[in-house]
Amino acid sequence: MRTSRGSFSQELNMAMLYQAVYRRASFLWCRLHSTYVRKMRYLFELKEDDGLCRQAQNSGTFYLFHNLFPFLQKVGSKHLAPQISASELKRILKKFKQNKQKLEDSVLIGCSDECMAYFALDLGSLEKMDIESELKGSFTELWKAFFQLDGKDASLLSLAQALLRWHDTHKYCSKTGQPTQKNLAGSKRVCHTNGIIYYPQMSPVVITLVSDGSRCLLARQASFPQGMYSALAGFCDVGETLEETVRREVAEEVGLEVKSMWYSASQHWPFPNSSLMIACHATVWPQQNEIRVNKLELEAATWFSLEEVVEALRREPRPLKQEDGRFSLWLPPKWAIAHQLIQEWVKQQSNMPA
Ligand SMILES: NC(=O)C1=CN([C@@H]2O[C@H](COP(=O)(O)OP(=O)(O)OC[C@H]3O[C@@H](n4cnc5c(N)ncnc54)[C@H](OP(=O)(O)O)[C@@H]3O)[C@@H](O)[C@H]2O)C=CC1
Ligand SMILES: [Mg+2]
(Lines give C-alpha, C1' and ligand atoms only; values in the text may rest on other atoms or scores of the structure.)
(Ligands and ions follow the chains in the order given, each with its own letter.)
Protein backbone atom coordinates (compact mmCIF):
# COMPACT_ATOMS: atom_id res chain seq x y z
CA MET A 1 0.00 0.00 0.00
CA ARG A 2 2.80 2.36 0.99
CA THR A 3 4.69 1.39 -2.16
CA SER A 4 1.81 2.21 -4.51
CA ARG A 5 1.17 5.56 -2.76
CA GLY A 6 4.94 6.27 -3.09
CA SER A 7 4.98 5.50 -6.81
CA PHE A 8 1.80 7.59 -7.29
CA SER A 9 3.48 10.60 -5.67
CA GLN A 10 6.65 9.93 -7.75
CA GLU A 11 4.53 9.93 -10.91
CA LEU A 12 2.83 13.12 -9.78
CA ASN A 13 6.24 14.75 -9.21
CA MET A 14 7.46 13.62 -12.62
CA ALA A 15 4.30 14.95 -14.28
CA MET A 16 4.72 18.29 -12.52
CA LEU A 17 8.40 18.37 -13.54
CA TYR A 18 7.50 17.66 -17.18
CA GLN A 19 4.86 20.38 -17.08
CA ALA A 20 7.32 22.87 -15.58
CA VAL A 21 9.97 21.99 -18.21
CA TYR A 22 7.36 22.23 -20.97
CA ARG A 23 6.10 25.61 -19.67
CA ARG A 24 9.68 26.92 -19.44
CA ALA A 25 10.51 25.68 -22.96
CA SER A 26 7.30 27.24 -24.36
CA PHE A 27 8.05 30.50 -22.56
CA LEU A 28 11.58 30.59 -23.97
CA TRP A 29 10.33 29.66 -27.45
CA CYS A 30 7.69 32.43 -27.33
CA ARG A 31 10.24 34.96 -26.11
CA LEU A 32 12.67 33.98 -28.85
CA HIS A 33 9.98 33.95 -31.47
CA SER A 34 8.41 37.24 -30.42
CA THR A 35 11.80 38.99 -30.19
CA TYR A 36 12.57 37.98 -33.74
CA VAL A 37 9.11 38.96 -35.02
CA ARG A 38 9.26 42.26 -33.13
CA LYS A 39 12.65 43.06 -34.68
CA MET A 40 11.51 42.23 -38.21
CA ARG A 41 8.32 44.31 -37.80
CA TYR A 42 10.36 47.23 -36.43
CA LEU A 43 12.86 47.12 -39.34
CA PHE A 44 9.94 46.93 -41.78
CA GLU A 45 8.40 50.07 -40.23
CA LEU A 46 11.72 51.94 -40.37
CA LYS A 47 11.95 51.21 -44.10
CA GLU A 48 8.39 52.42 -44.70
CA ASP A 49 8.27 55.48 -42.41
CA ASP A 50 10.93 58.22 -42.86
CA GLY A 51 9.76 60.04 -39.68
CA LEU A 52 10.27 56.94 -37.53
CA CYS A 53 13.59 56.26 -39.20
CA ARG A 54 14.77 59.83 -38.47
CA GLN A 55 13.97 59.26 -34.77
CA ALA A 56 15.86 55.96 -34.86
CA GLN A 57 18.90 57.70 -36.40
CA ASN A 58 18.99 60.04 -33.42
CA SER A 59 19.09 57.19 -30.90
CA GLY A 60 20.78 54.42 -32.86
CA THR A 61 24.39 53.38 -33.37
CA PHE A 62 26.61 53.75 -36.43
CA TYR A 63 29.25 51.70 -38.22
CA LEU A 64 31.60 54.11 -39.98
CA PHE A 65 33.16 53.82 -43.44
CA HIS A 66 35.54 55.99 -45.45
CA ASN A 67 35.19 55.55 -49.22
CA LEU A 68 33.76 52.09 -48.46
CA PHE A 69 36.62 51.06 -46.11
CA PRO A 70 35.11 50.05 -42.71
CA PHE A 71 36.43 51.60 -39.48
CA LEU A 72 38.12 49.06 -37.17
CA GLN A 73 39.73 49.23 -33.75
CA LYS A 74 42.35 46.82 -32.47
CA VAL A 75 41.61 45.39 -29.03
CA GLY A 76 44.47 43.07 -27.96
CA SER A 77 45.06 40.75 -30.91
CA LYS A 78 41.47 41.13 -32.16
CA HIS A 79 39.90 43.62 -34.55
CA LEU A 80 36.44 44.99 -33.79
CA ALA A 81 34.03 47.11 -35.78
CA PRO A 82 32.92 49.67 -33.13
CA GLN A 83 29.38 50.99 -33.00
CA ILE A 84 29.46 54.76 -32.55
CA SER A 85 26.50 56.31 -30.73
CA ALA A 86 24.42 59.03 -32.44
CA SER A 87 25.55 61.61 -29.85
CA GLU A 88 29.25 60.75 -30.34
CA LEU A 89 28.81 60.92 -34.10
CA LYS A 90 27.14 64.34 -33.88
CA ARG A 91 30.06 65.55 -31.74
CA ILE A 92 32.55 64.35 -34.38
CA LEU A 93 30.54 65.90 -37.24
CA LYS A 94 30.45 69.21 -35.35
CA LYS A 95 34.19 69.06 -34.63
CA PHE A 96 34.92 68.58 -38.36
CA LYS A 97 32.46 71.33 -39.33
CA GLN A 98 29.87 69.00 -40.87
CA ASN A 99 26.12 69.48 -40.66
CA LYS A 100 24.36 66.94 -38.43
CA GLN A 101 22.00 66.39 -41.39
CA LYS A 102 24.79 64.10 -42.64
CA LEU A 103 23.29 61.40 -40.40
CA GLU A 104 20.53 61.14 -43.00
CA ASP A 105 23.04 59.83 -45.59
CA SER A 106 23.31 56.66 -43.50
CA VAL A 107 21.70 53.32 -44.36
CA LEU A 108 19.83 50.99 -42.01
CA ILE A 109 21.57 47.63 -41.56
CA GLY A 110 19.79 45.99 -38.61
CA CYS A 111 18.75 46.37 -34.99
CA SER A 112 19.45 44.87 -31.55
CA ASP A 113 17.05 42.58 -29.64
CA GLU A 114 15.91 45.75 -27.83
CA CYS A 115 15.11 47.40 -31.20
CA MET A 116 17.98 49.84 -31.21
CA ALA A 117 18.69 50.52 -34.87
CA TYR A 118 22.11 50.03 -36.48
CA PHE A 119 23.15 52.29 -39.35
CA ALA A 120 26.21 52.62 -41.59
CA LEU A 121 27.58 55.97 -42.70
CA ASP A 122 30.35 56.79 -45.16
CA LEU A 123 32.50 59.75 -44.06
CA GLY A 124 34.42 59.89 -47.35
CA SER A 125 34.00 63.68 -47.51
CA LEU A 126 36.13 64.10 -44.35
CA GLU A 127 39.90 63.76 -43.97
CA LYS A 128 40.55 60.05 -43.26
CA MET A 129 43.48 60.54 -40.88
CA ASP A 130 41.60 63.12 -38.78
CA ILE A 131 38.80 60.63 -37.99
CA GLU A 132 41.29 57.80 -37.43
CA SER A 133 43.20 59.77 -34.82
CA GLU A 134 39.99 61.11 -33.24
CA LEU A 135 38.49 57.60 -32.84
CA LYS A 136 41.76 55.66 -32.36
CA GLY A 137 41.39 53.11 -35.11
CA SER A 138 41.80 52.76 -38.87
CA PHE A 139 39.76 52.44 -42.04
CA THR A 140 40.70 49.07 -43.51
CA GLU A 141 39.98 47.46 -46.87
CA LEU A 142 36.95 45.19 -46.37
CA TRP A 143 38.70 42.18 -47.91
CA LYS A 144 41.52 42.47 -45.33
CA ALA A 145 39.08 43.23 -42.50
CA PHE A 146 37.22 39.99 -43.30
CA PHE A 147 40.09 37.86 -42.06
CA GLN A 148 40.29 39.77 -38.77
CA LEU A 149 36.64 39.93 -37.68
CA ASP A 150 34.13 37.56 -36.16
CA GLY A 151 31.12 36.36 -38.19
CA LYS A 152 28.56 38.85 -36.83
CA ASP A 153 30.67 41.94 -37.52
CA ALA A 154 31.77 40.57 -40.90
CA SER A 155 28.20 39.98 -42.12
CA LEU A 156 26.99 43.42 -40.91
CA LEU A 157 29.93 45.17 -42.59
CA SER A 158 29.40 43.17 -45.74
CA LEU A 159 25.73 44.23 -45.93
CA ALA A 160 26.65 47.82 -45.03
CA GLN A 161 29.33 48.13 -47.71
CA ALA A 162 27.09 46.61 -50.38
CA LEU A 163 24.28 49.08 -49.56
CA LEU A 164 26.58 52.12 -49.36
CA ARG A 165 28.18 51.18 -52.69
CA TRP A 166 24.80 50.71 -54.35
CA HIS A 167 23.62 54.18 -53.24
CA ASP A 168 26.90 55.74 -54.36
CA THR A 169 26.51 54.31 -57.88
CA HIS A 170 22.74 54.83 -58.31
CA LYS A 171 22.37 58.55 -57.77
CA TYR A 172 20.68 59.11 -61.13
CA CYS A 173 17.66 57.59 -62.88
CA SER A 174 18.80 55.45 -65.84
CA LYS A 175 15.65 56.46 -67.79
CA THR A 176 15.39 60.25 -67.20
CA GLY A 177 18.95 61.07 -66.09
CA GLN A 178 17.45 63.02 -63.16
CA PRO A 179 18.80 62.63 -59.57
CA THR A 180 17.17 59.86 -57.52
CA GLN A 181 16.41 60.29 -53.83
CA LYS A 182 17.01 57.67 -51.16
CA ASN A 183 14.41 56.93 -48.48
CA LEU A 184 15.79 57.50 -44.98
CA ALA A 185 16.50 53.81 -44.31
CA GLY A 186 18.24 53.43 -47.66
CA SER A 187 16.15 50.45 -48.75
CA LYS A 188 15.27 52.13 -52.07
CA ARG A 189 15.75 55.23 -54.28
CA VAL A 190 13.01 57.06 -56.15
CA CYS A 191 13.09 59.17 -59.32
CA HIS A 192 10.48 61.82 -58.54
CA THR A 193 10.22 62.84 -62.23
CA ASN A 194 8.58 59.59 -63.30
CA GLY A 195 8.02 57.69 -60.03
CA ILE A 196 10.39 54.82 -60.85
CA ILE A 197 11.57 53.05 -57.68
CA TYR A 198 15.02 51.46 -57.67
CA TYR A 199 15.82 48.70 -55.16
CA PRO A 200 19.34 47.55 -54.22
CA GLN A 201 20.46 44.80 -56.56
CA MET A 202 22.41 41.63 -56.00
CA SER A 203 23.71 39.01 -58.42
CA PRO A 204 23.11 35.31 -57.85
CA VAL A 205 26.38 33.35 -57.77
CA VAL A 206 26.86 29.61 -57.31
CA ILE A 207 29.79 28.31 -55.29
CA THR A 208 30.37 24.59 -55.73
CA LEU A 209 32.58 22.11 -53.95
CA VAL A 210 33.26 19.29 -56.40
CA SER A 211 34.20 15.82 -55.16
CA ASP A 212 35.25 12.67 -57.06
CA GLY A 213 34.29 10.44 -54.14
CA SER A 214 37.55 10.55 -52.16
CA ARG A 215 39.05 13.96 -52.98
CA CYS A 216 37.71 17.50 -53.32
CA LEU A 217 38.56 20.06 -55.96
CA LEU A 218 39.83 23.45 -54.85
CA ALA A 219 40.92 26.30 -57.10
CA ARG A 220 42.55 29.71 -56.92
CA GLN A 221 42.25 32.89 -58.95
CA ALA A 222 45.42 34.92 -59.58
CA SER A 223 43.97 37.66 -57.35
CA PHE A 224 43.71 35.37 -54.27
CA PRO A 225 46.37 35.77 -51.53
CA GLN A 226 49.30 33.33 -51.94
CA GLY A 227 48.42 29.73 -51.02
CA MET A 228 44.67 30.33 -50.61
CA TYR A 229 42.33 27.94 -52.41
CA SER A 230 38.54 27.85 -52.44
CA ALA A 231 35.56 26.20 -54.11
CA LEU A 232 34.60 27.03 -57.72
CA ALA A 233 32.37 30.09 -58.11
CA GLY A 234 30.52 31.75 -60.96
CA PHE A 235 27.75 34.22 -61.74
CA CYS A 236 24.38 32.90 -62.93
CA ASP A 237 23.62 33.87 -66.53
CA VAL A 238 20.20 35.31 -67.38
CA GLY A 239 17.72 32.50 -67.99
CA GLU A 240 19.71 29.81 -66.16
CA THR A 241 18.57 27.63 -63.26
CA LEU A 242 21.00 27.10 -60.38
CA GLU A 243 21.58 23.53 -61.54
CA GLU A 244 22.49 24.76 -65.03
CA THR A 245 24.92 27.33 -63.62
CA VAL A 246 26.66 24.69 -61.47
CA ARG A 247 27.05 22.36 -64.47
CA ARG A 248 28.23 25.15 -66.81
CA GLU A 249 30.72 26.69 -64.34
CA VAL A 250 32.31 23.31 -63.51
CA ALA A 251 32.60 22.52 -67.23
CA GLU A 252 33.91 26.02 -68.11
CA GLU A 253 36.46 26.37 -65.32
CA VAL A 254 37.88 22.85 -64.85
CA GLY A 255 36.57 20.86 -67.86
CA LEU A 256 34.57 18.31 -65.82
CA GLU A 257 31.00 17.04 -66.16
CA VAL A 258 28.83 17.09 -63.02
CA LYS A 259 27.18 13.77 -62.14
CA SER A 260 25.03 14.93 -59.21
CA MET A 261 24.61 18.04 -57.09
CA TRP A 262 22.74 19.26 -54.03
CA TYR A 263 22.14 22.57 -52.30
CA SER A 264 23.74 23.36 -48.95
CA ALA A 265 23.18 26.99 -47.85
CA SER A 266 23.48 30.62 -48.97
CA GLN A 267 25.29 33.79 -47.91
CA HIS A 268 25.49 37.43 -48.90
CA TRP A 269 28.88 38.33 -50.38
CA PRO A 270 29.93 41.96 -50.95
CA PHE A 271 32.57 41.36 -53.70
CA PRO A 272 32.79 42.65 -56.39
CA ASN A 273 29.43 44.36 -55.78
CA SER A 274 26.70 42.46 -54.00
CA SER A 275 26.13 38.77 -54.60
CA LEU A 276 23.93 36.06 -53.17
CA MET A 277 26.29 33.10 -52.91
CA ILE A 278 24.34 29.86 -53.32
CA ALA A 279 26.47 27.01 -52.04
CA CYS A 280 26.23 23.51 -53.52
CA HIS A 281 28.06 20.20 -53.41
CA ALA A 282 28.65 18.33 -56.67
CA THR A 283 30.15 15.00 -57.67
CA VAL A 284 31.83 14.02 -60.92
CA TRP A 285 32.38 10.55 -62.40
CA PRO A 286 35.50 9.04 -60.72
CA GLN A 287 36.77 7.72 -64.07
CA GLN A 288 36.38 11.17 -65.72
CA ASN A 289 38.16 13.36 -63.18
CA GLU A 290 41.09 14.83 -65.14
CA ILE A 291 41.16 18.58 -64.51
CA ARG A 292 41.66 20.93 -67.47
CA VAL A 293 42.05 24.41 -65.96
CA ASN A 294 40.62 27.37 -67.87
CA LYS A 295 43.55 29.76 -67.50
CA LEU A 296 41.39 32.76 -68.40
CA GLU A 297 39.40 32.17 -65.19
CA LEU A 298 41.73 30.39 -62.77
CA GLU A 299 45.40 30.29 -61.89
CA ALA A 300 45.23 26.70 -60.64
CA ALA A 301 42.81 23.91 -59.66
CA THR A 302 43.80 20.67 -57.92
CA TRP A 303 42.29 17.60 -56.23
CA PHE A 304 43.04 17.55 -52.49
CA SER A 305 42.89 14.50 -50.21
CA LEU A 306 40.92 14.44 -46.96
CA GLU A 307 44.19 14.58 -44.95
CA GLU A 308 45.43 17.67 -46.83
CA VAL A 309 42.12 19.46 -46.32
CA VAL A 310 41.87 18.54 -42.62
CA GLU A 311 45.42 19.86 -42.08
CA ALA A 312 44.62 23.12 -43.94
CA LEU A 313 41.47 23.63 -41.83
CA ARG A 314 43.69 23.61 -38.72
CA ARG A 315 45.88 26.45 -40.10
CA GLU A 316 45.30 30.15 -39.54
CA PRO A 317 43.67 31.72 -42.64
CA ARG A 318 46.77 33.59 -43.87
CA PRO A 319 49.76 33.06 -46.21
CA LEU A 320 52.43 30.72 -44.80
CA LYS A 321 55.69 30.29 -46.74
CA GLN A 322 57.34 26.85 -46.51
CA GLU A 323 61.08 26.13 -46.54
CA ASP A 324 60.96 25.24 -50.25
CA GLY A 325 59.54 28.72 -51.00
CA ARG A 326 56.04 27.47 -51.78
CA PHE A 327 52.99 28.53 -49.79
CA SER A 328 51.01 26.09 -47.61
CA LEU A 329 47.40 25.45 -48.53
CA TRP A 330 45.00 27.64 -46.52
CA LEU A 331 41.26 28.08 -46.81
CA PRO A 332 38.65 30.89 -46.58
CA PRO A 333 37.79 32.09 -43.04
CA LYS A 334 35.32 30.14 -40.83
CA TRP A 335 32.22 32.22 -41.51
CA ALA A 336 32.70 32.19 -45.35
CA ILE A 337 30.30 29.82 -47.03
CA ALA A 338 33.18 28.15 -48.92
CA HIS A 339 34.61 27.14 -45.51
CA GLN A 340 31.24 25.68 -44.52
CA LEU A 341 31.12 23.61 -47.73
CA ILE A 342 34.61 22.26 -47.04
CA GLN A 343 33.70 21.41 -43.42
CA GLU A 344 30.57 19.58 -44.62
CA TRP A 345 32.62 17.58 -47.13
CA VAL A 346 35.13 16.59 -44.42
CA LYS A 347 32.30 15.47 -42.13
CA GLN A 348 30.67 13.51 -44.91
CA GLN A 349 34.00 11.78 -45.80
CA SER A 350 34.68 10.97 -42.15
CA ASN A 351 31.25 9.29 -41.90
CA MET A 352 31.82 7.16 -45.00
CA PRO A 353 32.64 3.47 -44.49
CA ALA A 354 36.40 2.85 -45.00
N1 LIG B 1 33.71 32.78 -50.87
C2 LIG B 1 34.66 32.34 -51.66
O3 LIG B 1 35.49 31.55 -51.26
C4 LIG B 1 34.71 32.75 -53.08
C5 LIG B 1 33.91 33.75 -53.54
N6 LIG B 1 33.95 34.13 -54.84
C7 LIG B 1 33.03 35.18 -55.27
O8 LIG B 1 32.16 34.60 -56.23
C9 LIG B 1 31.81 35.57 -57.19
C10 LIG B 1 31.92 35.02 -58.59
O11 LIG B 1 33.13 34.34 -58.78
P12 LIG B 1 33.96 34.50 -60.12
O13 LIG B 1 34.81 33.29 -60.20
O14 LIG B 1 34.63 35.82 -60.13
O15 LIG B 1 32.82 34.48 -61.25
P16 LIG B 1 32.84 33.91 -62.74
O17 LIG B 1 33.50 32.57 -62.76
O18 LIG B 1 31.44 34.01 -63.26
O19 LIG B 1 33.83 34.83 -63.55
C20 LIG B 1 33.87 36.22 -63.37
C21 LIG B 1 33.67 36.90 -64.71
O22 LIG B 1 32.32 36.72 -65.13
C23 LIG B 1 31.85 37.89 -65.77
N24 LIG B 1 30.56 38.26 -65.14
C25 LIG B 1 29.37 37.76 -65.52
N26 LIG B 1 28.37 38.28 -64.79
C27 LIG B 1 28.92 39.12 -63.91
C28 LIG B 1 28.40 39.96 -62.87
N29 LIG B 1 27.09 40.02 -62.59
N30 LIG B 1 29.27 40.68 -62.14
C31 LIG B 1 30.59 40.62 -62.38
N32 LIG B 1 31.15 39.85 -63.35
C33 LIG B 1 30.32 39.11 -64.12
C34 LIG B 1 32.99 38.91 -65.68
O35 LIG B 1 33.71 38.77 -66.89
P36 LIG B 1 34.11 40.03 -67.81
O37 LIG B 1 34.76 41.01 -66.88
O38 LIG B 1 35.02 39.42 -68.83
O39 LIG B 1 32.83 40.51 -68.39
C40 LIG B 1 33.86 38.40 -64.57
O41 LIG B 1 35.24 38.72 -64.71
C42 LIG B 1 32.70 36.77 -56.92
O43 LIG B 1 31.86 37.71 -56.28
C44 LIG B 1 33.75 36.31 -55.97
O45 LIG B 1 34.08 37.34 -55.06
C46 LIG B 1 34.75 33.49 -55.71
C47 LIG B 1 35.58 32.48 -55.30
C48 LIG B 1 35.64 32.04 -53.96
MG1 LIG C 1 34.76 31.59 -61.34
Side-chain angles (χ1 to χ4, degrees), residues 68 141-149 151 154-155 157-159 161-163 165-166 169-170 174 199-211 216-256 258 261 263-282 291-302 304 309 312-313 315-319 327 329-346:
L68 301 178
E141 222 176 314
L142 185 61
W143 173 250
K144 288 182 187 154
F146 260 26
F147 289 94
Q148 301 164 350
L149 293 166
S155 68
L157 292 186
S158 142
L159 157 67
Q161 197 212 45
L163 263 183
R165 182 190 283 110
W166 181 79
T169 50
H170 289 78
S174 57
Y199 294 98
Q201 295 156 343
M202 57 182 180
S203 308
V205 167
V206 293
I207 179 153
T208 311
L209 187 65
V210 177
S211 171
C216 78
L217 194 161
L218 298 171
R220 52 174 281 110
Q221 297 178 4
S223 60
F224 284 10
Q226 300 267 34
M228 190 189 115
Y229 277 72
S230 188
L232 300 175
F235 291 95
C236 296
D237 280 349
V238 171
E240 268 182 341
T241 63
L242 293 183
E243 292 80 354
E244 285 165 344
T245 311
V246 168
R247 286 173 199 280
R248 176 181 55 75
E249 281 293 333
V250 174
E252 260 179 31
E253 297 198 346
V254 291
L256 295 173
V258 166
M261 56 155 292
Y263 168 79
S264 166
S266 65
Q267 180 182 51
H268 174 254
W269 190 247
F271 311 109
N273 289 304
S274 185
S275 305
L276 177 66
M277 305 286 292
I278 301 145
C280 298
H281 289 276
I291 298 170
R292 280 171 292 132
V293 179
N294 180 343
K295 289 285 184 179
L296 290 175
E297 297 268 330
L298 299 174
E299 187 182 78
T302 316
F304 288 92
V309 174
L313 283 170
R315 281 194 201 107
E316 283 289 304
R318 60 184 165 83
F327 284 82
L329 168 68
W330 60 284
L331 302 167
K334 277 199 174 67
W335 46 263
I337 202 140
H339 189 103
Q340 190 178 316
L341 279 176
I342 296 165
Q343 288 277 17
E344 283 171 357
W345 180 78
V346 166

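Both ligands and their constituent atoms are indexed starting at 1 by order of listing. These figures come from a predicted structure and were not determined experimentally.
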State, to 0.1 Å, how close Q221 and L298 come at their nearest heavy-atom pair, and which atoms those are. CG-CD2, 4.1 Å
Distance check, rounded to the nearest 0.5 Å: Q340 atom CD versus S264 atom OG? 5.0 Å
Does atom 21 (C) of ligand 1 have a protein non-hydrogen atom under 4.0 Å from it? no
Please confirm whether the backbone N or O of S158 pairs with a side-chain atom of W269, one donor and one acceptor, at under 3.5 Å? no
Take a 6.0 Å sphere around CE of M261 and say whether it holds more than 12 heavy atoms from other residues, nucleotides or ligands. yes
Does anything in residues 333-343 pair up under salt bridge (charged side-chain N to carboxylate O under 4.0 Å, His left out), and if so which pairs, sequence neighbours excluded? none
Does the protein place a non-hydrogen atom closer than 4.0 angstrom to atom 38 (O) of ligand 1? no
re atom 16 (P) of ligand 1, the protein heavy-atom contact at minimum distance is G234 CA, 3.6 Å
Checking the N or O distance criterion of under 3.5 Å, is ligand 1 in contact with F271? yes
Considering only heavy atoms, does I207 approach ligand 1 within less than 4.0 Å through its side chain, its backbone, both, or neither? side chain
Between S230 and I207, which heavy-atom pair has the shortest distance, and what is it? OG-CD1, 4.4 Å
Return yes if a side-chain donor-acceptor contact under 3.5 Å exists between W345 and S211, otherwise no. yes
Measure from the side-chain N and O atoms of Q267 to the backbone N and O of A279, and report whether any donor-acceptor pair falls under 3.5 Å. no
Would a 4.0 Å cut-off, counted as strictly less than, catch a protein heavy atom around atom 33 (C) of ligand 1? yes
Among all the protein's heavy atoms, is there at least one whose distance to atom 46 (C) of ligand 1 comes out below 4.0 Å? yes
Measure the distance from atom 5 (C) of ligand 1 to every protein heavy atom, then report the residue, atom name and distance (to 0.1 Å) of the closest one. M277 CE, 3.5 Å
For atom CZ of R292, decide whether the heavy atoms of other residues, nucleotides or ligands shown that lie under 6.0 angstrom number more than 12. no
What is the closest protein heavy atom to atom 48 (C) of ligand 1, and at what distance does it sit? S230 OG, 3.6 Å
Do side-chain atoms of R220 reach the backbone of E299 as a donor and acceptor pair under 3.5 angstrom? no
the protein heavy atom lying closest to atom 19 (O) of ligand 1 turns out to be E297 OE1, 3.4 Å
Smallest separation among heavy atoms of H339 and P332, with atom names: ND1-O, 2.8 Å
Verify atom 30 (N) of ligand 1: protein non-hydrogen atom under 4.0 angstrom away: yes
Contact region, E249 to ligand 1, non-hydrogen atoms below 4.0 Å, reads side chain
If you draw a sphere of radius 2.8 Å around the Mg ion (ligand 2), how many protein N/O/S atoms end up strictly inside it? 2
Under 3.5 Å, is there a donor-acceptor pair between the side chain of Q226 and the main chain of F327? no
Take S155 and H268 through the side chain to side chain donor-acceptor pair (under 3.5 Å) test and state the conclusion after the steps. CA-CA 8 Å; S155 68; H268 174 254; over 6 Å; no
Heavy-atom closest contact (A282 atom, T208 atom, distance): CB-CG2, 3.6 Å
Can you tell me if A336 has a non-hydrogen atom under 4.0 Å from ligand 1? no
Within 4.0 Å of some non-hydrogen atom of E253, the atoms of ligand 1 are 17 (O)
With a cut-off of 4.0 Å, which atoms of ligand 1 are near a heavy atom of S203? 29 (N)
Quick one: does ligand 1 sit under 4.0 Å from the side chain of A233, the backbone, both or neither, non-hydrogen atoms only? both
Indicate yes or no for a side-chain donor-acceptor contact from Q161 to the backbone of L68 under 3.5 Å, with no hydrogens or angles considered. yes
What residue and heavy atom of the protein are closest to atom 9 (C) of ligand 1, and at what distance? V205 CG1, 3.7 Å
Option set W143, F224, F235, W269, criterion heavy-atom distance to atom 24 (N) of ligand 1, minimum: F235
among protein heavy atoms, the one nearest atom 14 (O) of ligand 1 is Q221 NE2, 3.6 Å
